[in-house]
Protein chains: 2
Amino acid sequence: MENLLKNKNIRVTPFRMDVLRVFNSFENAISLSQIEEKLGSFDRITLYRTLKSFQENGLIHEIVMPGDIKKYAMCEEKCGHKEHNHQHEHIHFHCKKCSEVYCLDIPALPNFHFTNYTIENVEIQVKGICEKCQK
Amino acid sequence: MENLLKNKNIRVTPFRMDVLRVFNSFENAISLSQIEEKLGSFDRITLYRTLKSFQENGLIHEIVMPGDIKKYAMCEEKCGHKEHNHQHEHIHFHCKKCSEVYCLDIPALPNFHFTNYTIENVEIQVKGICEKCQK
DNA sequence: TATAATTATGCAACAATGTTGCAATAAATA
DNA sequence: TATTTATTGCAACATTGTTGCATAATTATA
């Protein structure tokens, strides 16, 4: 599992391994507080910096939605360094009942075109009711 | 202009009119700090509550993007009460150069389908370079 | 493998952002 | 115009995020 870090040029430290294990222990995208709960005791600042470096190096991506929803999820292997190379061929689905955020695969991102606008990055967010909460 | 508030069942007060005028003085989506600058002197808490009630009543919508980007933009006339009725047939375009956020019209939202997931709301965010920053 | 260069950690202090309760006040309703 | 109902402004607090710096750990180098 160390290689997940090494492959993205992230120095391996015990704390970063702890955080990585937290990600691996969840199915879906997770919030800061979920990470904090799992970690138990930790330094808040170090955690912020860890998440920032994970993001910058394409190991995780941030998912934000209206209503102060902010979560983190693992990127795919291929995901590149630095923010501008994050490109995910999936949508982010937020369940209004259980508040889980799922990364759902789609065949391809829709293709927009606006004259004179250069499009570098597309994100799609969907809200609704997830599979498990359908009753 | 009072009617913009009345039509959405928002009580008309001097402060709310001030905030509304701020929105009308900008072309694109605006940030909290842009509102604050325009207002000059004001009560911070009242502003938060004003924005919240504008949102809840479908007068404005919140736009959030990875990287702590949070902006507000006016809704269309038809936009309904309460958060869950916000549905905008436009995408949010964030320019990486000038940081403006544009609401750009699209003919229709793409149509996703995931077995056993109920989709209520779709948001699309695009990053790139806007018209004006193309050089 | 010991050393040097580089990066990460933990702490303190601070800054920004957002919330709650409550009394006073203003707006809509009868 | 009196009554009901919602808004305002203030204090206090809670949450979230950042910076600088000395120490410690990791990686690269000789």
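In what follows, every chain begins at residue 1, and chains take the letters A, B, ... in the order their sequences are listed.
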Identify the 5'-most and 3'-most nucleotides of DNA chain D with at least one atom closer than 4.0 Å to a non-hydrogen atom of chain B. D/dT5 to D/dA11
Whole-Å distance, A/Met17 CE to C/dA8 P, equals 16 Å
Can you tell me if A/Glu100 and A/Asn28 form a side-chain donor-acceptor pair at under 3.5 Å? yes
My understanding is that a hydrophobic cluster links ILVMFWY residues whose side chain heavy atoms are under 4.5 Å apart, including indirect links. Using that, what else belongs to the cluster containing A/Met65? A/Ile63, A/Ile69, A/Val101
Minimal heavy-atom distance between A/Pro66 and A/Gln125, with the atoms involved, is CD-OE1, 4.1 Å
Taken to the nearest whole Å, CZ/B/Arg16 to C1'/C/dA26 is 11 Å
Between C/dA24 (P) and B/Asp43 (CG): distance, integer Å: 17 Å
Students often mix this up, so state it plainly: with edges at 30° and 60°, are the rings of B/Tyr117 and B/Phe114 parallel, tilted or perpendicular? perpendicular
Could you tell me the separation between the CD1 atom of A/Ile10 and the P atom of C/dT7, rounded to a whole number of Å? 14 Å
If you find the nucleotide of DNA chain C closest to B/Lys52 and the one closest to B/Thr13, which residue's nucleotide is nearer the 5' end? B/Lys52
Lys/Arg N to Asp/Glu carboxylate O, A/Glu2 vs A/Lys6, below 4.0 Å: yes
Please tell me whether B/His92 and B/His90 have a donor and an acceptor in their side chains that are separated by less than 3.5 angstrom. yes
Closest-nucleotide 5' rank along DNA chain D - winner of B/Phe42 and B/Asp68: B/Phe42
Within residues 44-51 of chain A, residues whose heavy atoms come under 4.0 Å of DNA chain D: A/Arg44, A/Ile45, A/Tyr48, A/Arg49
Answer yes or no: is there an ion pair linking B/Lys70 with A/Asp68, defined by an N-O contact shorter than 4.0 Å? yes
Name the nucleic acid region contacted by A/Lys70, choosing base, sugar-phosphate or nothing; use a 4.0 angstrom heavy-atom cut-off, strictly under. sugar-phosphate
For DNA chain C, whose closest nucleotide is more 5', that of B/Ser33 or that of B/Lys6? B/Ser33
Taking every heavy atom of A/Phe93 against every heavy atom of B/Thr118, the minimum-distance pair comes out as CZ-O, 3.7 Å
Take A/Asn111 and A/Ile119, measure what side chain to side chain contact (heavy atoms under 4.5 Å, CB included) needs, and give me the verdict at the end. CA-CA 10 Å; A/Asn111 201 23; A/Ile119 289 174; over 6 Å; no
In whole angstrom, what separates B/Leu32's CG from C/dT19's C1'? 14 Å
Measure NZ/B/Lys71 against P/C/dT17 and give the value in whole Å, please. 13 Å
